[in-house]
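Here the structure comes first, spelled out in structure tokens, and everything after it is commentary.
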Amino acid sequence: MHIDLPENAKKWTSIAEGFLGETMPWEVEAEMNEGKLPEKIDAEHRQMAIDLGLSSMDIPKSYGGQELSILEQVVVWEVLGRGTNALTWCFSEPQSWMLDACDDAQIKSYILPLMDGTRHECYAITEPESGSEVHVDTSADKVENGYRINGEKWFVTGANHADFFFIQAKVFDGKENLGDALFFLDMETEGIELVRTPLFSHTFDSHHPIYKFNDVFIPQKNLIGSEADGMRYTRSWFRRERLMIAARCCGAAARLIEEATDFAKQRNIQGEPLSERQGIQFMLADSVTELWAARLMLYETAKAHDRGDDLKSLHYRCSAVKLFASEMANEVADRVVQIFGGRGYMREYTAERFYRELRVDRIWEGTSEIQRTIIARGLINKGLKNL
Amino acid sequence: MEKILVCLKRVVDYNVKIRIKPDETDVVTEGVKMSINPFDEIALEEALRIKESGQANEVIIVSVGPEDCQQQLRTGLAMGADRAILVEHSENTEPLTVAKLLHQIVQQEQPELILLGKQAIDDDCNQTGQMLAELCSYSQATYASKLSVGSNSLEVTREVDQGLETLEIDLPAIVTVDLRLNDPRYVKLPDIMKAKKKSLDVINPNDLKISMDPFFKVISVTAPPPRESGIKLSDAGELFDALKAKGLVD
């Protein structure tokens, strides 16, 4: 399935493949131990990712980053998506929108330390009474020199390794609602309560706990941008995340197809390889075709970012790519489990792990249904040719 | 000296929790992270330090095992070894067979010094080095925790039950190394990529005319019984009584 890529994208593909090759042999070990690797190995992997520049792909060279194009970042995440148990996501990855949004002091104390692994972030956005539609009930009441935060946040991804939150809250001045804002909040601040850490389908070391914020004080200097900017940054973060989810889904589907093909060629059924059965061939052929389509959508949308297409229309396109790629990868995983048969149901097989792990890609950063409403709204308001 | 030969064994990584196959024929190695035996890694580190101090010209690494052993040899090359040899054999091998194969490699390469781990962490045999020394008629020192190279001899400090013993042995020699000899270097990913260009020869054991037939038959491999939970006692007197009741003290 050849798609021509620029030289630098090919170079970054091979860097990412090197990292993937180091983490892949640990997948079964992680799976058997609740997602955890020995601390020493985990630390080695994180350092390796940082040394290779994977934690600073989106950051300009002037800040010591790699300043990669979106296309280059997409091919890296496509390769990293081939790994299970999130072993290839062991590093923090600051994003360029953070540099636009934050002041110099915030960049120095929160953003740049993400790049060299000295600090770790987590995102407190989702709430019990809201989900993909990003409706915020957590309040930030203006007080002297800062804000008092009250509310509950769900699915705070990565909180067990983080030392600060990005937290979104509705700002109130008395009774007046000023809009949604984003803040930095240090983990050790008084009033932060870890409610519980639910278990999820996947076996990842990075947890998604529930937190309560009880009259938590946030100093004025921790406000990101202005008091009504929260949603704007969340949107640019979603755009990028949706593309990278699509990239990882393409990588996962590619590995699944390759493993299923190897297995089908080796497994003999009544004297001939399983791969000779038309029922199996059709499943593989459909998978290849859908993966190809997803990759073409993905690369074109990444290139559209790099050439500076209209941001609003990119928002719809990112939704379409995320929708298609995540549905495709889940379909492929389902077929590949079927091809592997009983083995496909064993946790030590890639197919079983991806079958569980990919499910969330149809849910997080906006469910498939939310992506459809975004796309439909764009179509109705702007017309097909402007999407 | 001209050449140092270091022998590396591919084993299940020491960080992995070992699982036994349901049919109790072996431990599970499928989908499990494999690495260089840690004692052999220390041996390689020592060889590289001797070379880097200008006392040797070439470090050659050799392994006996399946095709996948190439991964561990590549890691060894990334650490700094000059070239690698794999004697490819997909079945389990025993120390005497490995020693005989290595003996053939020693005759071809004529190294002045052979370094290897005192034992492998999988089967804990602690035999290959000693057997190889006998086959080669080299002087030998085992359990080395310190090593210094003289003009035609080695001074080796050994870890023995009574403490430390220091020997002087003539070259050519075989030294098996212990845990405290050194702290092996960390291999960076770009070094692993660069090491792909180094030479790795694959040899068929049949060409060395050594029989690979095993001397032993493994009857079963079983996990140790799970540890029973302990009891809490309030003071030393109770502890003494409890031990006495078990017949562990008089």
Side-chain angles (χ1 to χ4, degrees), chain A residues 11-55 76 79-80 83-85 87-88 90-91 255 259 263 266 340 342-343 346-353, chain B residues 8-23 26-38 41-42 45 65-79 90 121-122 179 183-198 200 223 226:
Chain A
K11 185 190 115 184
W12 277 92
T13 303
S14 77
I15 291 173
E17 281 169 351
F19 182 58
L20 175 73
E22 286 299 304
T23 56
M24 252 171 49
W26 289 102
E27 289 173 353
V28 175
E29 181 68 6
E31 181 62 36
M32 297 299 148
N33 295 290
E34 291 151 9
K36 275 194 96 56
L37 289 184
E39 249 167 64
K40 174 177 163 278
I41 303 299
D42 195 39
E44 275 177 19
H45 288 169
R46 186 167 302 118
Q47 194 56 48
M48 198 177 281
I50 291 167
D51 292 345
L52 290 171
L54 299 176
S55 64
V76 166
V79 172
L80 300 185
T84 66
N85 300 82
L87 296 187
T88 51
C90 57
F91 52 92
R255 180 168 169 198
E259 290 202 3
F263 175 76
Q266 283 164 17
F340 271 93
R343 289 171 178 79
M346 285 166 75
R347 282 170 59 183
E348 54 208 76
Y349 278 77
T350 314
E352 192 278 343
R353 296 198 298 277
Chain B
L8 307 180
K9 185 176 187 184
R10 170 184 163 93
V11 297
V12 173
D13 190 280
Y14 73 94
N15 290 291
V16 168
K17 288 188 189 140
I18 300 293
R19 286 173 289 132
I20 307 286
K21 286 184 178 171
D23 63 0
D26 205 346
V27 300
V28 176
T29 53
E30 201 178 312
V32 167
K33 167 67 183 175
M34 307 293 281
S35 293
I36 300 173
N37 172 38
E41 199 180 0
I42 293 168
E45 175 65 34
E67 189 188 352
D68 288 341
C69 266
Q70 292 196 19
Q71 295 162 6
Q72 282 63 45
L73 289 170
R74 289 285 169 208
T75 306
L77 292 170
M79 282 175 73
S90 56
I121 61 165
D122 52 0
L179 194 65
D183 207 359
R185 64 197 66 189
Y186 174 70
V187 186
K188 290 204 159 99
L189 191 50
D191 295 332
I192 295 176
M193 289 170 173
K194 276 183 222 149
K196 285 185 180 152
K197 295 195 185 99
K198 290 187 179 174
L200 195 164

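What's counted below: heavy atoms across the whole structure, side chains too, no hydrogens, waters or symmetry copies. Being a predicted model, the structure only gives us computed values, none of them experimental. So you know, we letter chains A, B, ... as the sequences are listed, proteins then strands, and number each from 1.
With a 4.5 Å cut-off on non-hydrogen atoms, A/Met24 does not touch chain B at all. Using a 4.5 Å cut-off between heavy atoms, A/Tyr349 contacts chain B through its side chain alone, with no backbone atom that close. Both the backbone and the side chain of B/Val16 have a heavy atom closer than 4.5 Å to some heavy atom of chain A. Only the backbone of A/Ser14 has a heavy atom closer than 4.5 Å to any heavy atom of chain B. In this structure, chain B has no heavy atom under 4.5 Å from any part of A/Glu27. Heavy atoms closer than 4.5 Å to chain B are found in the backbone of A/Ile15, but not in its side chain.
Contact detail for A/Lys40 and B/Tyr14: the closest heavy-atom pair is NZ-OH, 3.1 Å. Contact record, A/Asp51 with B/Lys188: OD2-CE, 3.6 Å, taken as the closest heavy-atom pair.
By the 4.5 Å heavy-atom criterion applied to side chains, B/Asp13 and A/Pro38 are not counted as neighbours. Side-chain contact between A/Glu22 and B/Leu189: present, with at least one pair of heavy atoms (C-beta onward) separated by less than 4.5 Å.
Here the straight-line distance linking atom CG of A/Leu52 with atom CE of B/Met193 works out to 6.5 Å at 0.5 Å rounding.
Every residue meeting the side-chain hydrogen bond (donor to acceptor under 3.5 Å, both in side chains) condition with B/Lys17, not counting sequence neighbours, appears here in chain and number order: A/Asn33.
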**Request:** Test B/Arg19 against A/Val28 for side chain to side chain contact (heavy atoms under 4.5 Å, CB included), laying out the working first.
**Result:** CA-CA 11 Å; B/Arg19 286 173 289 132; A/Val28 175; 3.4 Å; yes
